[in-house]
Structures are given as C-alpha cells and as structure tokens.
Amino acid sequence: MSSAAPRVIGQDHLWSVDEHLEDVLATVRPLEPIELNLLDALGCVLVEDVTVPVSLPPFDNSSMDGYAVRVADVAGASEEFPAVLEVVGDVAAGQADLLHVGPGQAARIMTGAPLPPGAETVVPVEWTDGGLGEGPGVSGMRASSLAPEGATGRVHVYRPAPARAHVRAKGSDVKAGERALEAGTVLGPPQIGLLAAIGRGTVRVRPRPRVVVLSTGSELVQPGEELRSGQIYDSNSFALTAAARDAGAIAYRVGAVADDADTLRSTIEDQLVRADLMVTTGGVSVGAYDVVKEALSSVGDEDEPGSGVEFRKLAMQPGKPQGFGSVGPDHTPLLALPGNPVSSYVSFELFVRPAIRALMGLADVHRPRTRAKLTADRALTSPKGRRQFLRGRYTGGTVTPVGGAGSHLVAALAQADALIVVPEDTESVAPGTDVEVVLLG
C-alpha cells in the first residue's frame with residue numbers, strides 16, 4: 001500500500017466527545033444488504049418489510065387431543081346422560097384427505113390436525129370415555145388418552161361444547177397479506193421462527209459487521225502463559241472482542257502485537273481482508289514507543305482523499321488520546337483506542353459500539369441513558385474542561401460509584417453496569433445530586 005500522512009489538527013486542539021462521535025458516525029455507512037439463509041441472518045437487521053404469503057394457522061385446527069363433533073350432538077351431555085356418538089375415523093396432523101362428520105358422528109382428532117368438514121367444535125378427550133366403551137371402571141370417568149389408533153365404535157361424551165371450542169381459527173395468528181416484520185427489525189430467535197413459519201427460507205438483511213480487534217504492546221502476554229518481570233496479561237483484546245460481539249458484530253481477536261511499526265503495519269494489512277471495522281488498543285498517546293501512530297501513517301492510500309488515520313486529544317477522562325480514520329484500498333474504518341483497560345473499554349462504549357450499530361443499519365445506535373440520584377459517601381471530583389465517565393452500579397433510580405477514577409482498575413470495571421457522566425463544566429458532584437447515567441447492561 002502507498003503511504004499517507006496522518007491528518008492532524010494541531011497538537012493542542014481538544015475535540016469534544018460529541019465532535020469525535022459525530023465525525024465517526026458521519027464516516028461510517030451501513031453495510032450493503034445481502035440475501036441470507038434464516039439461521040445465518042440471526043442478529044442481522046431487515047432491510048425490507050416482510051408480508052405474510054399464507055395465513056397462520058393456514059387452516060382451522062384442533063388445540064387438543066379429542067373428538068371433532070357437531071354442537072347439536074353434544075348439547076345437554078352430562079355424567080348421567082352422556083351423548084353417545086359413532087366414531088367414524090381419525091384425523092391426524094398433516095392429514096390431507098379429511099373424512100366428513102355427520103349427525104350423530106365424531107372423529108378422533110389430534111392436536112394440530114385440521115378440523116374435518118361437518119365438525120363444529122372439539123371435545124377434549126378428558127370429557128369422554130376415550131372411545132373405550134362403557135364397562136366396569138369406565139362409566140362416569142374421564143379418559144386420559146384416546147383409544148388405540150384406528151379404533152372405531154362409539155364414544156361417550158359427558159359435557160357439552162360450544163361452537164369453535166378448542167379450535168384454532170385460520171389466520172388467528174396472522175392473516176395473509178399482513179405485515180409480519182418491518183424493515184429495521186433485528187432478527188432474534190422468535191423472528192427467525194416467524195419467518196420459517198410463513199415459508200421464508202431466506203431474507204434480505206444488512207449483514208453483521210466483521211470487526212477485527214488487536215492490542216499493541218511488547219509487555220502483553222497471552223492469558224495462560226507464564227508472566228515474566230515487567231509483563232502483563234492482554235485483557236483489552238478479550239474485553240473488546242467480547243464487547244463487539246455483544247454489540248452484534250462478528251468479531252475476530254488478533255494476538256497482541258509487539259511495539260514494532262513494521263510488524264503492526266503488516267498485521268493490519270493482513271487483517272483487512274476480513275474487516276468491516278478495525279479496532280486497535282494502545283500506542284496512541286505521546287510516549288516514545290507509541291508505534292500505532294507510526295504504523296498507521298503508512299497504511300492508507302495517498303491517491304484517495306480522506307485516507308489515513310488522525311490522532312486526537314479529546315476533552316474526556318478516561319480516554320483522552322484517540323485515533324480515527326480509514327485504512328486500506330476499501331477505506332476500512334479504524335478506531336485507535338488508548339491502552340489502559342478502563343480507557344479502552346469506555347472509549348469502545350462511546351465510539352466503537354455506535355459505529356458497529358451504524359454499520360448494521362440500526363436507527364438507534366446508542367446505549368440507553370437515564371437520570372439517577374448519586375449515592376456516595378463523599379463528593380465526586382472531576383477535572384475542569386473534561387467530560388468524565390465514572391464506573392457505577394445502577395439500582396432503582398440511584399447510582400453508586402464503583403472503584404476510583406484510575407484507568408487501570410479492571411476489577412472495579414467488572415463490577416460496574418453503568419457510566420456516571422460528569423459534564424465538562426462540573427468540578428464537583430455532591431451526594432444526592434441528579435446525574436446522567438449510561439446504562440451498560
């Protein structure tokens with residue numbers, strides 16, 4: 001690939017959180033729709049309304065095992081004076097050729113079987129002798145099951161049944177021509193089931209975006225390996241890959257890349273073939289070994305305007321250093337996040353998750369927000385001019401800080417289910433104050 005210098009707007013320029021997010025969402029475009037088989041479409045977003053070609057259920061059918069009868073034939077039936085009907089045959093689920101039920105007749109019917117012509121209602125088997133005939137120990141009792149399949153003869157019915165009792169009417173779920181699902185629907189298991197029920201084998205959707213996540217740092221070690229002096233386990237790539245999958249993406253985790261610009265550049269170029277979005281963590285601040293800047297300065301296309309990655313300082317805590325742009329011949333969006341675990345995760349929630357949801361074509365890409373009363377044993381402090389995001393636990397209209405403000409506190413992050421937002425112009429928040437909360441659960 002040819003090189004393209006990073007687009008930098010002044011070293012001291014501070015971007016606001018909203019400006020950076022707006023820039024990201026203005027750049028990311030929904031993926032092109034494709035036709036997928038039903039199971040492959042799980043988690044995807046519909047791009048068109050789906051109408052029902054055939055009513056559900058497609059025919060009147062029984063909701064019980066029992067007998068299909070005429071209403072008049074069981075009117076007044078009781079324990080003392082049961083209605084005695086001739087059993088003319090069986091009606092099973094999936095049966096195409098249906099027998100006719102005439103006066104004084106009944107047809108044994110199974111759950112889901114079509115209501116036969118002439119029948120007006122279904123008598124549950126528990127209201128009958130099950131077609132076993134009256135004899136010792138049978139008269140006056142309810143049968144728990146039907147007589148053996150194929151048996152004919154007589155059945156005693158001990159209770160009357162109104163018209164259409166225990167009958168699922170044709171179209172009672174949804175009628176032909178009605179809209180089953182509307183464009184923009186995220187397909188979960190119930191939606192996949194509905195599509196299958198109306199006969200759809202494929203569906204047109206925006207695919208789940210493919211997200212590649214990689215960490216940088218020579219100090220990072222794969223979990224399960226032995227730590228040596230000065231080394232730490234790579235947690236960022238696991239947390240962010242999981243977060244990307246939780247957001248709806250197909251996410252790939254790449255092992256930690258050492259602090260070498262050529263190695264990182266080569267790794268990124270190799271991964272572009274399976275990426276709709278790339279996420280890196282680490283190497284975006286002003287340190288001497290921040291190789292992400294160096295590597296990304298030459299993963300672009302100098303012949304294409306807008307190619308390359310811009311590194312910024314944001315007026316936020318944690319997560320001040322950020323990078324955003326596009327790389328490769330297809331201008332794949334790339335978000336470069338800070339390396340501290342809390343900074344990385346908060347940055348993902350604020351910027352990467354909305355980008356993933358935008359790629360999916362969702363109308364609402366943001367986490368839900370609410371207001372809550374701060375419960376704490378002392379006031380929270382925040383640097384002036386920075387929007388601070390503190391970890392917290394949200395419970396019934398209140399939120400309690402978890403851990404301190406340090407961007408390395410992974411254990412505290414694991415206990416949080418919300419972010420407490422402290423605005424840029426606020427330096428102290430007293431207990432009992434109404435605060436904005438981003439809900440992570």
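Residues forming a side-chain hydrogen bond (donor to acceptor under 3.5 Å, both in side chains) with Q271 (at least two apart in sequence, or on another chain): R274. Applying the side-chain hydrogen bond (donor to acceptor under 3.5 Å, both in side chains) criterion to H20, with sequence neighbours excluded, gives R312. When the side-chain hydrogen bond (donor to acceptor under 3.5 Å, both in side chains) test is applied to S347, the partners found at least two apart in sequence or on another chain are Q322. T400 pairs by the side chain to side chain contact (heavy atoms under 4.5 Å, CB included) definition with T375, not counting sequence neighbours. Among residues two or more places apart in sequence or in another chain, the side-chain hydrogen bond (donor to acceptor under 3.5 Å, both in side chains) test is passed with R70 by none.
In this structure, a donor-acceptor pair under 3.5 Å is present between the side chains of S237 and R253. Using a 3.5 Å distance cut-off with no hydrogens or angles, the side chains of D65 and T111 do pair a donor with an acceptor. Under the 3.5 Å distance criterion, with hydrogens and angles disregarded, no donor-acceptor pair is assigned to the side chains of S215 and N236. Using modelled atom types, one finds no donor on one side chain facing an acceptor on the other under 3.5 Å when comparing T281 with S344. Between the side chains of E427 and S382, not a single donor N or O lies within less than 3.5 Å of an accepting N or O.
Y67 is not listed as a side-chain neighbour of I109, based on a closest heavy-atom distance of 4.5 Å or more. Contact annotation: the side chain of Y233 approaches that of L227 to within less than 4.5 Å [non-hydrogen atoms, C-beta and beyond]. Proximity of V429 to L374: side-chain heavy atoms (C-beta onward) are separated by under 4.5 Å at one or more points. The shortest side-chain heavy-atom distance between L56 and I198 falls under the 4.5 Å cut-off. Proximity of Q388 to M316: side-chain heavy atoms (C-beta onward) are nowhere separated by under 4.5 Å. F324 is not listed as a side-chain neighbour of V309, based on a closest heavy-atom distance of 4.5 Å or more. When side chains are defined from C-beta on, D276 does not count as touching P333, because their heavy atoms never get closer than 4.5 Å. In this structure, R391 and V342 have side chains that are in contact, with non-hydrogen atoms separated by less than 4.5 Å.
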request  = Assess whether side-chain contact (heavy atoms from CB on, under 4.5 Å) is satisfied between V74 and R159, documenting all intermediate values.
outcome  = CA-CA 7 Å; V74 294; R159 290 178 58 179; over 6 Å; no
message = With side-chain contact (heavy atoms from CB on, under 4.5 Å) as the criterion, how do V437 and V435 come out once you've worked through the C-alpha distance, each side chain's angles and the decisive distance to 0.1 Å?
response = CA-CA 6 Å; V437 175; V435 295; 4.2 Å; yes
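The OG1 atom of T280 sits 8.5 Å away from atom CG of L335, with the distance rounded to the nearest 0.5 Å. Taking OG from S62 and NE2 from H166, the interatomic distance works out to 8.5 Å, rounded to the nearest 0.5 Å. Remark: S428 OG to L380 CG distance equals 7.5 Å, nearest 0.5 Å.
Surrounding CD of E35 are more than 12 heavy atoms belonging to other residues, nucleotides or ligands, all under 6.0 Å away. Within a 6.0 Å sphere centred on CD of E22, heavy atoms belonging to other residues, nucleotides or ligands number 12 at most.
Among all heavy-atom pairs drawn from V28 and A355, the shortest one is CG1-O, 3.7 Å. Across all non-hydrogen atoms, the minimal contact from Y394 to A372 is CE1-CB, 3.7 Å. Among all heavy-atom pairs drawn from P117 and L98, the shortest one is CD-CB, 3.8 Å. Looking at every heavy atom in both residues, P207 comes nearest to I34 through CB-CD1, 3.7 Å. Closest of all the heavy-atom pairs between A379 and A430 is CB-CA, 4.1 Å. Heavy-atom minimum distance, P354 versus H366: CG-ND1, 4.2 Å.
Between D60 and K170, no side-chain nitrogen of the basic residue sits less than 4.0 Å from a carboxylate oxygen of the acidic one, so the salt-bridge criterion is not met. Looking at R367 and D417, no side-chain N of the basic residue comes within less than 4.0 Å of a carboxylate O on the acidic one, giving no salt bridge. Using a 4.0 Å cut-off between charged nitrogen and carboxylate oxygen, R357 and D364 do not count as a salt-bridge pair. By the 4.0 Å N-to-carboxylate-O rule, E86 lies too far from R154 to be salt-bridged with it. Using a cut-off of 4.0 Å between Lys/Arg side-chain N and Asp/Glu carboxylate O, K373 and D434 are scored as not salt-bridged. Classification of D18 and R387 as a salt-bridged pair holds, one side-chain N sitting under 4.0 Å from a carboxylate O.
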Review item, side-chain donor-acceptor pairs of residues 187-196, under 3.5 Å, at least two apart:
{"residue": "Q191", "atom": "OE1", "partner": "G188", "partner atom": "N", "Å": "2.8"}

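The main-chain N or O of A251 is found under 3.5 Å from a side-chain atom of R245 such that the two form a donor-acceptor pair. Checking side-chain atoms of T185 against main-chain N and O of L181 turns up no donor-acceptor pair under 3.5 Å. Judged by distance alone, the side chain of E269 and the main-chain N or O of S266 form no donor-acceptor pair under 3.5 Å. Here the side chain of D173 pairs no donor or acceptor atom with the backbone of G171 at under 3.5 angstrom.
Two rings, from W127 and H156, have their centers 6.0 Å or more apart.
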